[in-house]
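Before any comments, here is the structure.
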Amino acid sequence: MKAIQIVAPYQMEYVDLPTPQPGADEVLLRVRASGLCHTDVNILEGEFHASYPVIPGHEFVGEVVEVGAEVDPKWMGMKVAVDPNVPCGLCNACHTNRQNQCENLNSYGVTMGGGFAEYVVVKEGNIHSIGDLSVDHAAFAEPLACVLHGLHQIPTYRGGNALIFGAGPMGLLMLQSLKLNGITEVSMVDLYRERLAIATELGASQVYVPQEIAGQDKQYDIVVDATGVPAVIEKLPHYTATSGSILYFGVCSPGQQVKIEPYDIYRRDIRIAGSFSLRAGIAPALKLLEDGFIQVDKLITHRIDLEQLAEGIKLVGQASVLKVIVQS
Ligand SMILES: [Zn+2]
Ligand SMILES: [Zn+2]
């Protein structure tokens, strides 16, 4: 089968590999759509806990073309979205329903073969039928599930307001999800006006480029970083209302640091929450997509073929690029 492989940091190749065979509790998927994510860039640059060589891609949808001996045959021919996380089921985190923090966590596209290939083998327990949803839309189940996990990490007040830094695909999913959770006013900041225009179309109350918000004293109940940029994260308490919450949602490189004033966090009851990956959110995410509560058509700006991915990955982060869907 054709696949994209990251052999080592900064070494991405379009290769021919043997098609994997499903184990007893696994299925073989013919990949139909696979979303390109900034995490794939982090893996390419050696800034994420990946195992090399690896086939990246953790936001994928495929059709079941073969089932293992112990797998329910009903799955044959079904189109499914995949939960990329494979927790061990044995550690303390797994036993306390924090599977995303499993001490022995494996993930398709990070430590095991992912969706940037013609075929991929995944466990039966990781697949979810997408019903009548298109494969392109269903490819958003994974990123949306990450957003849903983020929202579980902070209290949301109905009628409250929020400010999101970063109007990339994750920020724009966060915008819509906050509004669904009863946050009536959600504003966004991004470097690029093109992205902010889409944020406005998707319901943002106010949009700003960084220089427009730099001197502003307005404060928000929820402030989300969806940039992973330390210089942005450092400024978040300034924009956070008393008793408000800050969510670290973007991915900084390990080892990066920021300066904050602990007295201010203490005195004003500020909550700072982290949010890593997803926790059992694929099914609710698919339901939100299927019922039209979350709009993703405007987020798909590019569709490319698998063989174009080594070039296509350079698109990530550009002004006019939101989600790149890879077809194989
Ligand atoms: Zn992702
Ligand atoms: Zn575990």
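Heavy atoms only: backbone and side chains are in, while hydrogens, waters and symmetry mates are out.
For the atom pair CG of L178 and OG of S187, the computed distance is 11.0 Å after rounding to the nearest 0.5 Å. The structure places CD of Q206 at 11.5 Å from CG of L196, a figure rounded to the nearest 0.5 Å. To the nearest 0.5 Å, atom CD of residue Q308 and atom CZ of residue R303 are 13.0 Å apart. Rounding to the nearest 0.5 Å gives a distance of 5.0 Å between OH of Y220 and CG of L163. Taking CD1 from I154 and CZ from R271, the interatomic distance works out to 9.0 Å, rounded to the nearest 0.5 Å. In this structure, E59 CD and C146 SG are separated by 7.5 Å, a value rounded to the nearest 0.5 Å.
Side-chain atoms of L288 and L148, non-hydrogen and from C-beta on, do get closer than 4.5 Å to each other. When side chains are defined from C-beta on, E201 does not count as touching Q295, because their heavy atoms never get closer than 4.5 Å. Contact of the S34 side chain with the S328 side chain is not registered, since no non-hydrogen atoms from C-beta on lie closer than 4.5 Å. When side chains are defined from C-beta on, E142 counts as touching I282, because their heavy atoms get closer than 4.5 Å. Contact check for M174 versus I222: no side-chain heavy atoms found under the 4.5 Å cut-off. Side-chain atoms of Y239 and I246, non-hydrogen and from C-beta on, never get closer than 4.5 Å to each other. Taking the side chain as every heavy atom from C-beta outward, I300 and F140 approach each other to under 4.5 Å. Here the side chains of H137 and D297 are in contact, with some heavy-atom distance below 4.5 Å.
Of all heavy-atom pairs spanning G160 and I183, the tightest one is O-CG2, 3.3 Å. The two residues A138 and V61 make their nearest non-hydrogen contact at C-CG2, 3.5 Å. Nearest heavy-atom pair across Y108 and H58 is O-CB, 3.4 Å. Annotation for P53 and Q5: closest pair CB-NE2, 3.8 Å, computed over non-hydrogen atoms. Here the shortest heavy-atom pairing between D225 and L236 reads CB-CD1, 3.7 Å. Minimum interatomic distance between I233 and C252 (heavy atoms only, all atoms of both residues): CD1-SG, 3.4 Å.
The environment of K79 atom NZ is sparse: at most 12 non-hydrogen atoms of other residues, nucleotides or ligands sit within 6.0 angstrom. By the neighbour-count criterion of 12 heavy atoms within 6.0 Å, atom CD of Q257 is sparsely surrounded, having that number or fewer from other residues, nucleotides or ligands. Residue E311 qualifies as open at atom CD: its count of foreign heavy atoms under 6.0 Å is 12 or below.
Placement of L322 and L144 within a single hydrophobic cluster is found when ILVMFWY residues are connected by side-chain heavy-atom separations under 4.5 Å, directly or transitively. No continuous path of ILVMFWY side-chain contacts below 4.5 Å connects L105 to V86, so the two sit in separate hydrophobic clusters. Cluster membership for V189 and V232, using ILVMFWY side-chain heavy atoms within less than 4.5 angstrom, is shared. Note: the hydrophobic cluster containing L299 also contains M188 (ILVMFWY, side chain heavy atoms under 4.5 Å, direct or indirect links). The same ILVMFWY cluster, assembled from side-chain heavy atoms under 4.5 Å apart, contains both V41 and M12.
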| request: Walk me through it: do V67 and M76 pass the test side chain to side chain contact (heavy atoms under 4.5 Å, CB included)? | output: CA-CA 7 Å; V67 297; M76 272 303 288; 4.0 Å; yes

| said: Checking V110 against V54 for the side chain to side chain contact (heavy atoms under 4.5 Å, CB included) test, could you report, in this order, the C-alpha distance in whole Å, the side-chain angles of both residues, the deciding distance, and whether it holds? | reply: CA-CA 7 Å; V110 181; V54 67; 5.9 Å; no

| message | Applying side chain to side chain contact (heavy atoms under 4.5 Å, CB included) to R32 and D136, what does each step give before you reach the verdict? | response | CA-CA 8 Å; R32 293 296 175 202; D136 285 357; over 6 Å; no

| How far apart are the C-alpha atoms of V251 and H38, what are their side-chain angles, what is the distance that settles it, and do they pass the side chain to side chain contact (heavy atoms under 4.5 Å, CB included) test? | CA-CA 9 Å; V251 186; H38 200 276; over 6 Å; no

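Side-chain atoms of E234 come within 3.5 Å of backbone atoms of K259 as a donor-acceptor pair (strictly under, hydrogens ignored). With hydrogens and angles ignored, the 3.5 Å screen pairs a side-chain donor or acceptor of E118 with a backbone N or O of K2. With N126 contributing its side chain and N85 its backbone, the two residues share a donor-acceptor pair below 3.5 Å. In this structure a side-chain-to-backbone donor-acceptor pair under 3.5 Å is present from D190 to Y192. H49 places no side-chain N or O within 3.5 Å of a backbone atom of T111 that could act as its donor or acceptor partner. For K323 (side chain) and L36 (main-chain N/O), a donor-acceptor pair under 3.5 Å exists by modelled atom type. No donor-acceptor pair closer than 3.5 Å links the side chain of D291 to the backbone N or O of F293. Here the side chain of E26 pairs a donor or acceptor atom with the backbone of G23 at under 3.5 angstrom. Here the side chain of Q256 pairs a donor or acceptor atom with the backbone of S253 at under 3.5 angstrom. With hydrogens and angles disregarded, a donor-acceptor distance shorter than 3.5 Å links the side chain of N161 to the backbone of D221.
Between V223 and the choices I164, I272, L247, T240, the side chain to side chain contact (heavy atoms under 4.5 Å, CB included) rule is met once, by T240.
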